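Treat the numbers as computed from the prediction; the structure is a model and nothing was measured.
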Amino acid sequence: MSHELAPRLDPRTIEPARYRAWQEGGYFHVPASAVLEDGREPYVIVIPPPNVTARLHMGHGLNNTVQDVLIRWRRMQGRAALWVPGTDHAGIATQNVVERQLAAEGLHRDDLGREKFVERVWSFVHQTGGVILDQLKAIGASCDWERTRFTLDPELTRAVREVFVHLYEKDLIYRGEYIINWCPRCLTALSNEEAEGAETVGALWHFRYPLAEEAYEAAEIAHAAWEGGEASHADTRGDEDVAAGTTGLNRLEDGRWYVTVSTTRPETMLGDTGVAVHPEDDRYRTLVGAEVELPLTGRRIPIVADAHVDPSFGSGMVKVTPAHDVNDFEIAGRTGLDILDVMNSDATLNDEVPEPFAGLDRFEARDRVLAALDALGLLAGKEEHTHSVPRCYRCDTVVEPRLSDQWFVRMKPLAEPALEAVRDGSISFTPPHWQKVYEHWMENIRDWCISRQLWWGHRIPVWYCECGEVVVAREDPEACPKCGSAALEQDPDVLDTWFSSQLWPFSVFGWPEQTDDLKAFYPGHAMVTAPEILFFWVARMVMMGYEFHGKAPFSQIYLHGTVRDAQGRKMSKSLGNGIDPLEVVHEFGADAMRYTIVSQCAVGTDISLDHEDVEAAFANGRNFANKIWNAGRFALLSLGEGPVRPLSEVEDALELEDRWILTRTTIAGRTATRALERFRLHDAAEGLYHYFWGDVCDWYLELVKGRLGPDADDASREAARSTLVTVLDRAFRLLHPVVPFVTAELWTRLPWPEGADRPEDLIVAPWPDGVDGFEDADAERGMRDVQSLVVEVRRLRKEYGIPEGERITVHVTGAAAGLMDALAAQATALERLARIGRVAPAPGEGVGAHAVLESGAELFVPLEDVIDISREAGRLRDEIGRLEGQLESTHGRLANEKFTSNAPADVVQKERDKAQQLEEQGAKLREKLAGLEAGRS
RNA sequence: GGUCGCUUAGCUCAGCUGGUAGAGCGCUACGUUCACAUCGUAGAUGUCGCAGGUUCGAGUCCUGCAGCGACCACCA
């Protein structure tokens with residue numbers, strides 16, 4: 001059977017079949033009864049649901065590989081490991097996709113009307129949505145597909161309703177007119193999180209507004225006080241600025257008084273309803289209550305005092321546009337200024353503005369306003385100004401702050417337990433520094449605008465009656481409870497897509513029904529996601545967990561990095577620097593991709609992959625998978641067909657390398673377990689890589705080759721066979737979470753010791769945590785000697801150019817106890833590995849190559865015939881020099897009384913031993929050098 | 001402006017509780033030894049950003065500086 005294995009791993013021939021076998025075996029599915037009846041300890045991860053229209057990209061590859069590694073590992077540990085998959089309806093994103101399709105047909109959503117449009121989106125979702133879940137199968141994701149959920153499923157919609165009504169009844173949801181972030185392209189409100197600031201170099205313009213004549217007297221008083229230096233907020237600018245009119249109050253050559261204000265959005269001046277100064281600002285105290293003439297509009301607007309104004313910024317005077325700026329809106333609320341909305345929803349100016357500007361786009365209006373003010377001589381200056389301009393996270397359009405009637409969630413009360421949870425350790429972050437970021441956000445949390453002027457999403461469960469009654473209900477009401485009218489109108493808006501996502505950890509289990517699933521699987525354990533959605537999603541899930549269940553939805557938040565290209569740029573569709581994970585799977589296999597990702601997945605760091613050389617980017621993983629394949633292939637071939645005896649029966653015949661590799665295996669399991677427990681996936685993967693490639697392949701397989709052949713002693717062969725089977729079984733288990741396919745393929749073909757129970761599949765084989773495995777410290781020490789001897793001999797052979805075929809004799813002296821026995825026992829192996837003819841205990845004489853082993857033993861290879869004596873002498877001198885350097889620093893340390901008295905005793909002792917060892921080595925080398933030089937003369 | 005993080009071999013990065021540095025890729029040399037050339041063997045490469053401090057001893061702790069990055073808030 002084993003001879004049919006190809007010399008190269010071809011993932012395409014094994015991966016799909018293996019995945020199918022797992023699915024058919026039902027290994028991914030975890031029923032509630034596993035926990036409630038069988039009493040198994042659950043381990044639950046809910047997937048960060050990708051957008052239903054999404055296609056798999058490397059970010060998903062990373063995110064889901066991490067989750068799958070954790071789930072597979074926990075499943076092998078015997079936990080009821082459940083990974084719930086699903087997709088998010090992704091309000092704006094999905095609506096945008098369908099709108100683009102319509103646009104290609106020359107249509108707008110209004111042409112269809114709401115009902116038809118939503119139907120269209122549904123059919124789009126049914127046809128092409130959820131593809132990403134199938135794509136996840138290709139990378140090996142072991143989700144419980146029977147539990148696949150969609151945020152718009154009826155059950156989840158029910159959860160949304162329940163939450164909305166509950167929060168409304170608790171007065172945690174309210175409706176109000178506030179300045180919100182408005183996307184003039186998507187024509188909807190956005191939350192603060194959805195309006196992403198983009199650092200932009202823009203301009204700050206200074207305008208002059210003429211003061212109304214009645215206020216000239218006040219102006220003169222103010223100005224006099226100011227010039228006389230009595231004003232408490234003396235302008236820090238120089239005279240030039242005053243002359244240029246960039247200070248707040250000036251009389252120009254025309255004899256009129258002007259105030260100066262500044263803005264980065266000149267078009268908003270058309271909506272100004274006031275000018276504000278700080279109440280304590282003595283420069284302008286007398287002007288409060290006066291009026292200015294708002295240019296271009298013919299309107300007069302008052303000067304008011306408000307503490308929000310920063311007297312030291314600019315002129316200390318602020319134009320106030322309440323309908324188009326958050327702060328200005330608040331100022332208006334406090335000071336009673338009018339609120340004048342001058343924009344339409346598409347960010348064109350409306351009829352509230354004078355004729356020439358009405359109907360213009362905001363940016364065109366900006367230019368026109370500037371030109372008009374300039375023509376009037378009211379443009380006082382312009383500065384370069386770098387600030388962050390908010391843009392729509394979906395379409396990148398500049399967001400317009402706009403006065404609007406929206407629904408909000410009152411967040412402060414919800415945030416309190418969520419904040420407490422991380423402070424008392426109920427929830428931990430990996431890496432830990434995110435906790436501070438989270439806390440900071442929670443502490444400064446602001447109300448969440450949840451209504452969206454979209455058609456695709458959860459309709460807000462609020463109905464309005466002609467009688468004025470507002471009905472907020474879990475079920476669609478038939479009639480108005482107050483007047484009985486059936487003419488109820490449902491609120492046209494839908495909820496922010498994150499409103500339903502935040503319920504995901506429990507809505508997927510059927511809440512608000514008290515289902516068995518909920519009892520078994522809530523709360524979950526790990527939340528694996530990217531830091532970008534910490535606020536969008538993670539924080540809100542925590543808040544909802546506490547509000548509706550009194551406990552956190554998960555206990556560990558693991559935030560992995562971002563996938564970047566070779567230049568360190570984030571992979572993105574728009575940059576065209578992405579790598580298609582499916583292509584990688586097709587070319588190199590899912591195992592190759594998974595190992596490459598996981599091995600780079602150090603806590604808190606990004607992973608970088610070169611999109612221009614995909615082969616190189618994944619070579620490491622591909623090579624490793626192939627190495628596993630070939631090691632397995634060789635083992636299967638060498639093991640032959642005969643029965644394999646259990647390790648316990650051959651224990652007496654175990655040789656050094658057997659005991660050693662069994663020990664290494666135990667330690668590898670222990671190390672990997674510790675790493676996984678701490679989310680150190682990179683450490684776990686790299687540790688196992690070196691264990692398998694180095695210990696198992698480079699050393700063990702090479703050492704036992706001779707013992708597996710027909711010439712070998714029976715007892716030795718059987719010991720080797722048992723050991724090899726045991727080691728590979730354990731190794732495949734340990735590697736399985738990271739590289740599930742190749743390990744499973746080989747494991748199922750592995751012969752099994754007679755009489756031993758075989759797990760029905762590798763995917764559920766018990767995880768070797770290394771707690772009670774075979775361990776033999778002597779074997780480790782002995783093997784280290786063998787290894788260092790082999791390495792040194794190889795090095796010497798190389799150094800002196802001794803041909804491959806030529807056997808040499810090696811003398812070993814000063815051997816640590818047992819070394820010679822070990823070496824003698826390994827004679828054949830040593831011959832094979834280091835091309836040694838004989839290992840002799842006698843000290844070497846004459847000219848030869850010399851080395852000191854790690855154990856302190858000295859190695860001497862007589863090489864009169866092959867070496868260049870003067871070169872060897874030089875080498876010895878270098879060696880002696882190096883030893884002396886080390887000795888000096890060691891002696892220096894020992895001579896330091898502070899060291900000997902302060903450092904721990906064992907450290908000092910170690911230092912003494914080292915010094916002695918170095919001295920002995922140095923003496924021997926000097927002797928050797930003397931001999932060499934004598935021999936030459 | 002605030003907060004947090006990063007700066008270690010040519011590249012990408014590891015280095016947990018302080019004891020004179022590691023991996024992968026790349027590079028050099030040799031090798032068609034019958035599991036694997038997607039391989040093997042051996043080798044080279046670092047004043048661990050700069051300046052101070054604590055310590056017997058500091059990539060490892062503290063302070064300051066410089067450069068880079070992220071997040072939050074925005075001053076009109």
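- In this pair, A/Phe692 and A/Phe732 present their aromatic rings tilted. The plane angle is within the 30 to 60° band.
- With A/Ile301 as the fixed residue, the side chain to side chain contact (heavy atoms under 4.5 Å, CB included) test singles out one of A/Leu340, A/Val320, A/Leu337, A/Leu294: A/Leu294.
- RNA chain B forms stems at B:1-7 with B:66-72, B:10-13 with B:22-25, B:27-31 with B:39-43, B:49-53 with B:61-65, each a run of 3 or more consecutive Watson-Crick or G-U wobble pairs whose two key distances fall under 3.5 Å.
- A/Arg594 contributes a side-chain N or O that, together with a main-chain N or O of A/Val738, makes up a donor-acceptor pair within less than 3.5 Å.
- You'll find that the side chain of A/Leu701 is closest to B/A35, out of B/A35, B/U41, B/A73.
- Following rounding to the nearest Å, A/Glu383 (CD) and B/A76 (P) show an atom-to-atom distance of 11 Å.
- Between A/Glu267 and A/Arg366 a salt bridge is recorded (basic side-chain N to carboxylate O distance below 4.0 Å).
- Annotation: cation-pi pair A/Arg8/A/Trp629 absent, no NZ/CZ under 6.0 Å from the ring centroid and within 45° of its normal.
- Following rounding to the nearest Å, A/Tyr438 (OH) and B/C72 (C1') show an atom-to-atom distance of 16 Å.
- In this structure, A/Glu702 atom CD and B/C36 atom P are separated by 11 Å, rounded to whole Å.
- Backbone-only engagement by A/Arg794 is indicated by non-hydrogen atom pairs under 4.0 Å involving sugar-phosphate atoms exclusively.
- Across all strands shown, A/Trp693 has heavy atoms under 4.0 Å from sugar-phosphate atoms exclusively, and none from any base.
- Within 4.0 Å (heavy atoms only), A/Asn620 reaches sugar-phosphate atoms of the nucleic acid but no base atom.
- Checking A/His324 against A/Thr268 by side-chain atom types alone, no donor-acceptor pair falls below 3.5 Å.
- At the heavy-atom level, A/Val791 lies under 4.0 Å from the strands shown only through sugar-phosphate atoms.
- A cation-pi arrangement is absent between A/Lys627 and A/Tyr689, since the terminal nitrogen or guanidinium carbon is not both under 6.0 Å from the aromatic centre and inside a 45° cone about the axis.
- Comment: A/Lys570 engages A/Glu532 in a salt bridge, judged by a side-chain N to carboxylate O separation of less than 4.0 angstrom.
- In terms of heavy atoms, A/Ala625 sits closest to A/Val742 at O-CG2, 3.8 Å.
- For B/G59, the O4'-C1' to base torsion is within 90° of 0; the nucleotide is therefore syn.
- If you measure from atom CD of A/Glu196 to atom P of B/C72, you get 8 Å, rounded to the nearest angstrom.
- Here the separation of B/G57 from B/G18, taken at their P atoms, is 15 Å to the nearest Å.
- Residue contacts for A/Arg797: at a heavy-atom cut-off of 4.0 Å it reaches no nucleic acid atom on any strand shown.
- Residue-level contact check: A/Arg564 touches neither bases nor backbone, having no heavy atom under 4.0 Å from any strand.
- Look at the P atom in both B/C34 and B/G40: the space between them is 14 Å, to the nearest Å.
- A donor-acceptor contact closer than 3.5 angstrom is absent between the side chains of A/Asn620 and A/Thr596.
- A gap of 16 Å separates the P atoms of B/C50 and B/C11, to the nearest Å.
- For A/His387 and B/G1, the NE2 to C1' distance is 15 Å, given to the nearest whole Å.
- Straight-line distance from the CE atom of A/Met593 to the C1' atom of B/U38: 18 Å, rounded to whole Å.
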Table of protein N/O atoms under 3.5 Å from nucleotides 2-8 of chain B N/O atoms:
none

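- Residue contacts for A/Thr264: at a heavy-atom cut-off of 4.0 Å it reaches the sugar-phosphate backbone alone, with no base atom in range.
- Contact annotation for A/Phe535: backbone-only contact, meaning every heavy-atom pair under 4.0 Å involves sugar-phosphate atoms and none involves a base.
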